[in-house]
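Being a predicted model, the structure only gives us computed values, none of them experimental.
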Amino acid sequence: VAACRDTGYDWFEQLLQNLLKSEEDASYKPVKKACTQLVDNLVEHILKYEESLSDSDNKGVNSGRLVACITTLFLFSKIRPQLMVKHAMTMQPYLTTKCSTQNDFMVICNVAKILELVVPLMEHPSETFLATIEEDLMKLIIKYGMTVVQHCVSCLGAVVNKVTQNYKFVWACFNRYYGALSKLKSQHQEDPNSTILTANKPALLRSLFTVGALCRHFDFDQEDFKGNSKVNIKDKVLELLMYFTKHSDEEVQTKAIIGLGFAFIQHPSLMFEQEVKTLYNSILSDKSCSVNLKIQVLKNLQTYLQEEDTRMQQADRDWKKVAKQEDLKEMGDISSGMSSSIMQLYLKQVLEAFFHTQSSVRHFALNVIALTLNQGLIHPVQCVPYLIAMGTDPEPSMRNKADQQLVEIDKKYAGFIHMKAVAGMKMSYQVQQAINTCPKDPVRGFRHDESSNALCSHLYSMIRGNRQHRRAFLISLLNLFDDTAKTEVNMLLYIADNLACFPYQTQEEPLFIMHHIDITLSVSGSNLLQSFKESMVKDKKKERKPSSDEETESESNSGSESQSEEEASKPRRLRKRVGSDSDSDEENDINAVMKCLPENSAPLIEFANVSQGILLLLMLKQHLKNLCGFSDSKIQKYSPSESAKVYDKAINRKTGVHFHPKQTLDFLQSDMANSKITEEVKRSIVKQYLHFKLLMEHLDPDEEEEDGEVSASTNARNKAITSLLGGGSPKNNAAETEDDESDGEDRGGGTSGVRRR
């Protein structure tokens, strides 16, 4: 127990619970016997420890051991409180421990927690024993900090409500703090800047916290407390605490919200009050609101749900005892109905808290959602995209928790994950944007560690098993790259990163993507070229003859454009070859198009922007080709309608192949979409246009030549891709397959060799 101080004791509780449960119906109970011996010996050990302290020589005895002993006793009490009943009298004096170190406080809190569980089980405890406990607890409540107050009020609640019924004692304490708060409120109303308030701030903070804590454990609207007074205490408390949530000092606001959270555990219906809804939702959704307040609201909801859960488990245990005689319908409906309605009210704002830059806010939001889902208070489908997004969080514990929730949902409701997968990917991009500390750097879609896993790899691995779902998901992602989808460039980069790094297992998966990239390219590509051509300045307005073949199309178009552009926009292979080399040829083309550019540079920017999607797809195809070592012919022969068995072979991944779409990164980093356009930028866009055009002409590869040599058109295509993607290192761009040997030739594209169409 001492060793696991920081990691939690769930394992120990689980162990005790299971061991004791396994022998419930047995006549021989060795575990129970062992527990009794352990507990008795630990108590003995604590007493010996006390004696050794009274020896003046041993003042430096390790108090950590004492804390560990008492914590262990608390864990035993939590699972089987009967074990500690005979030792309650021994534990009580520890409530008067002199507090100087952290360990002393731990002792007091754990003793209070033990007594809370054990005192109600004692048969006929003595009056003096109970009175002493009440007084000790009250002294601690008045004197010490938040943690001690919380545990002592909780213990007092158990002792007074279940054993002594000494309500006047508690009522006096409540009135003391409630009265102080009312007084401070009226002083603040008279003069918010009064110095008295500054001097009384500690008293104000303590009163806010203590009034809340007392309201959590005692229902002061019972006659036992307020007698026959007609005042509604819970509404008065709500009004007081709400007043201080609007205070200018954040510390006061936080304490008031903590107090409210406590009060709502006793009276959950208060959370339906309009002013409470407004307060909670505005704190959660307001971007400028302080992180501490956001966290506190989320903590309040978390504590409420945890309490509800404990309450339901207890009701469940009590029910099992009397199940035979009772009517099933009345059981447990009311409370779960209430918590469900409450969570419906705040759900959207809690989910939106996932998009916060601070990981602590995301952490508590995720806890609240996990509790809500585990208790079945809401329909899970609305949380799926948010959980997918949280699965990309940089912190492993949060990722695992979100992924775990998705797995649970997938077990119960097949198809939900697939249904919301694309929405989840888009949302995960928003989460990454929020987390991204340096706005200048584009958001990337893979982990920046040695694994280079896709951020959404868990999502993909959940979907990939079902071929139909997988294909629908991949097509939806590729459709975002379509020029009509108008997706922002950085999001496309993020999705391309994910597609490049997903954990593909069979050849079918990347081949399917490449097949669809080709389809998207041929449609989006020609649209893009067409709109760019149309934006150029024309000389003679001639009617255009529609034509199916690219060659005749470009001839019929060029008639309506100026002479110089006619040369540039003809396919290279139809051009009259002058004895110049290909580079100067390219220069001529660029100059020719430059002359025809319109004054307004908007279409140019538009072209640069829209073409990013197509460039990314090209890059992605090259990357997958390199990663899996596919040849052009293999990619071409692939047909999605073929039986699954043909492409079920495992992928043989190459190592050290990284996805680095240089042009898109440059485009985003230089913020080209919003920058002023210079001659140089214009030139580079025109150059891109020409490479792009060349690629479109060679997009449909020729049949391979008879003797197995690569056709010239394939060469031209690969060359155009290489030029388009910026040459780049062979690792990224030039495919390392037997079909691509175009590096050695000149950059002029397909100017040599026999053409076969």
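Distance alone, capped at 3.5 Å, is enough to place a donor-acceptor pair between the Asn436 side chain and the Asp441 backbone. The closest donor-acceptor contact from the side chain of Arg653 to the backbone of Leu627 lies at 3.5 Å or more, if one exists at all. Here the side chain of Arg399 pairs a donor or acceptor atom with the backbone of Asp393 at under 3.5 angstrom. Using modelled atom types, no side-chain atom of Asp482 and backbone atom of Thr520 make a donor-acceptor pair closer than 3.5 Å.
Of the charged side-chain nitrogens involved, none lies within less than 4.0 Å of a carboxylate oxygen, so that Glu395 and Lys401 do not count as a salt-bridged pair. Ionic pairing of Asp666 and Lys662 is present here: one or more N-O contacts between side-chain nitrogen and carboxylate oxygen are shorter than 4.0 angstrom.
Here the shortest heavy-atom pairing between Met425 and Ile388 reads N-CG2, 4.2 Å.
Between the side chains of Glu509 and Thr506, at least one donor N or O lies within less than 3.5 Å of an accepting N or O. For the residue pair Gln349 / Ser285, no side-chain donor-acceptor distance below 3.5 Å is found, with atom types taken as modelled. When only modelled atom types and interatomic distance are considered, Thr392 and Gln432 share a side-chain donor-acceptor pair under 3.5 Å.
Taking the six-membered ring where tryptophan is involved, the planes of Tyr504 and Phe502 are perpendicular, since the angle between them exceeds 60° and thus also 30°. Ring geometry for Tyr386 against Phe354 counts as perpendicular: the plane angle is over 60°, on a 0 to 90° scale with 30° as the lower cut.
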Quiz item: Can Tyr647 and Leu511 be said to form a side chain to side chain contact (heavy atoms under 4.5 Å, CB included), step by step?
Solution: CA-CA 9 Å; Tyr647 296 107; Leu511 283 169; 3.5 Å; yes
Quiz prompt | side chain to side chain contact (heavy atoms under 4.5 Å, CB included) between Thr664 and Met619, intermediate numbers included | solution = CA-CA 10 Å; Thr664 307; Met619 256 322 248; over 6 Å; no
Exercise. Just do the side chain to side chain contact (heavy atoms under 4.5 Å, CB included) check on Ile635 and Lys621 with the steps written out, would you?
Key: CA-CA 10 Å; Ile635 297 168; Lys621 185 179 170 188; 4.1 Å; yes
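In summary, the aromatic rings of Phe416 and His379 are positioned with their centroids under 6.0 Å apart.
Under the rule for a side-chain contact (heavy atoms from CB on, under 4.5 Å), the partners of Val523 that lie at least two apart in sequence or sit in another chain are Asn527.
His469 pairs with exactly one of His418, Arg464, Met462, Met419 by the side chain to side chain contact (heavy atoms under 4.5 Å, CB included) rule, that one being His418.
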